[in-house]
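Report on one structure; see the data block that follows.
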Amino acid sequence: MTGINNDSFGGFFESLRQRNHLTLREFCRKADADPGNISRMERGAMLPPKSPEILHRYATALGLREKSEEWQTFFDLAAVAQGMVPVDLLSEQEIVKALPLFFRTLRGQKPTPEEMKRIAEKIKKAGRS
Amino acid sequence: MEPERFKAPYITQEAAWAAADQIRALHWPSGDLPVEVEEILGKVGLRLELIGSLKKDLDVDAWLKGDLTRIIVDLEDYMDDRMQNRMRFSIAHELGHFILHRGLYEKIEIASLEDWIEFVQVVPEEEYSFMELHAYEFAGRLLVPPERLKQEFLGAVKKAKQAGFKDWDQSGDAAREHIASSICRIFGVSSLVIEKRIIRERLRLPTG
């Protein structure tokens, strides 16, 4: 499993997806998955689904062969992750790390302080990165 | 670093282009078009994160996180087929910040939300604009390789000539707009991006 991150379910999932040259968009379409949830799951902000059927669908879409070593690792890591405490809201320090330094609104201007506060709130609600 | 004294690094257009050419050569060696910038992210150690309603609620469609680990994009646009060209460019733009400004990001110390708001608000507008311009030049050049642009541009001009078009002088910008819209799909960017690339790369329309 060279080059595959198997430290966590999210990391394992993401490295399998990248190995298969699947963008998040392509994976979600292939596996009929919710893109927001998959993005959160990959970064550990959401637990993997409990349903074996859904996990089976994801594993298949990631190109894993049933009963292979990687298939087993996929289900093992999912089981470990499901036992973890769900991630709650980010601390201010974590939010600060996630914020952009140079960016513009689509109207081509610097965001206002009010808009910036809303961005920070959005990051907070999006969960741990 | 005092935000009011912030100075954008001096990066010439040529240097931004050279960085884009280098990244494309290293991480997209097939030369296939469109350049799938999302695949390049993984190769430079960046990841993509989707967050819903960024554009709708905040009027922003993408940003590079201050800790340089991920590019955050608007989930709805990312999944919308009609927005793929714009999203590709936005991701390439944020990759430009990562490649060109990484050292600078690492020097900026933001300890709190108040610091962050002050930094963005106080950095001089001109310096802020330079940073955006660098990333814009990087993204355009990354997604529109100059040799292919020249080849497609000359092909489109030839086709127009063969179709009997002669009013190159009188048509003003319209001829360039037509050429750009006829080749932009090949590169997976908007015709506006191609128009700008044609100008930047000094490709000339026929005279007479």
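The shown structure was predicted, so the numbers you read here are calculated from the model rather than taken from an experiment.
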Other residues, nucleotides and ligands only: do more than 12 of their heavy atoms fall within 6.0 Å of CD on B:Glu14?
yes

Side chain / backbone / both / neither for B:Ala135 at chain A, heavy atoms under 4.5 Å
neither

I need the B:Tyr128 OH to A:Lys110 NZ distance, nearest 0.5 Å.
6.5 Å

Quick check: closest heavy atoms across A:Val96 and B:Ser112, and the distance to 0.1 Å?
CG2-C, 3.7 Å

d(A:Arg43 CZ, B:Thr69 OG1) to nearest 0.5 Å is 10.0 Å

Looking only at A:Leu101, A:Thr112, A:Thr105, A:Ile119, most heavy-atom pairs under 4.5 Å shared with chain B are made by A:Leu101

Given a strict heavy-atom distance threshold of 4.5 Å, which part of A:Glu42 is in contact with chain B: side chain, backbone, both, or neither?
backbone

Partner of A:His21 under side chain to side chain donor-acceptor pair (under 3.5 Å), picked from B:Glu39, B:Glu36, B:Glu38, is B:Glu39

Using salt bridge (charged side-chain N to carboxylate O under 4.0 Å, His left out) as the criterion, list what pairs up with B:Arg200, not counting sequence neighbours.
B:Glu137

Most heavy-atom pairs under 4.5 Å with chain B, out of A:Arg25, A:Gln93, A:Glu14, belong to A:Arg25

For atom NZ of B:Lys43, is the number of surrounding heavy atoms from other residues, nucleotides or ligands below 6.0 Å larger than 12?
yes

Would the distance check show the side chain of B:Trp63 and the main-chain N or O of A:Ala98 forming a donor-acceptor pair, the cut-off being under 3.5 Å?
yes

From the options A:Asn37, A:Leu24, A:Asp34, select the one residue that forms a side-chain contact (heavy atoms from CB on, under 4.5 Å) with B:Leu50.
A:Leu24

Partner of B:Leu58 under side-chain contact (heavy atoms from CB on, under 4.5 Å), picked from A:Lys122, A:Glu115, A:Glu121, is A:Lys122

With a cut-off of 6.0 Å (strictly less than), are more than 12 heavy atoms of other residues, nucleotides or ligands near CD of A:Glu92?
yes

Need one label for B:Ser129: side chain, backbone, both or neither, based on atoms under 4.5 Å from any heavy atom in chain A.
both

Which bit of A:Leu99 is near chain B, if near means a heavy-atom gap under 4.5 Å: side chain, backbone, both or neither?
both

Could you name the residues of residues 73-86 of chain B that have a heavy atom within less than 4.5 Å of a heavy atom in chain A?
B:Leu75, B:Tyr78, B:Met79, B:Asp80, B:Asp81, B:Gln84, B:Arg86

Test A:Phe103 against B:Val60 for side chain to side chain contact (heavy atoms under 4.5 Å, CB included), laying out the working first.
CA-CA 8 Å; A:Phe103 68 116; B:Val60 175; 4.2 Å; yes

Just by modelled atom types, is the B:Leu113 backbone N or O under 3.5 Å from a matching donor or acceptor in the A:Lys117 side chain?
no

So CD1 of A:Ile95 and CD1 of B:Ile110: to nearest 0.5 Å the spacing works out to 14.0 Å

Can you tell which part of B:Leu64 gets under 4.5 Å to a heavy atom of chain A, answering side chain, backbone, both or neither?
backbone

Over 60° means perpendicular and under 30° means parallel, so classify the ring planes of A:Phe102 and B:Phe119, tilted if in between.
perpendicular

Using a strict threshold of under 4.0 Å (side-chain N to carboxylate O), is an ion pair present between B:Asp57 and A:Arg118?
no

Comparing A:Pro100, A:Ser39, A:Ala120 against chain B, the one with the most heavy-atom pairs below 4.5 Å turns out to be A:Pro100

Side chain, backbone, both or neither of B:Gln121 within contact of chain A (heavy atoms, under 4.5 Å)
both

Please look at B:Ile72 and chain A and tell me whether the side chain, the backbone, both or neither of the residue comes under 4.5 angstrom of a heavy atom of that chain.
side chain

Sequence neighbours excluded, which residues qualify as salt bridge (charged side-chain N to carboxylate O under 4.0 Å, His left out) partners of B:Glu125?
A:Arg104

Contact winner vs chain A - B:Ser90, B:Ser53, B:Gly42, heavy-atom pairs under 4.5 Å:
B:Ser53

What pairs with B:Arg148 under side-chain hydrogen bond (donor to acceptor under 3.5 Å, both in side chains), at least two apart in sequence or on another chain?
B:Glu152

Hey, which of B:Val123, B:Leu48, B:Leu68 has the most heavy atom pairs under 4.5 Å with chain A?
B:Val123

Counting heavy atoms not belonging to B:Arg185, are there more than 12 under 6.0 Å from its CZ?
no

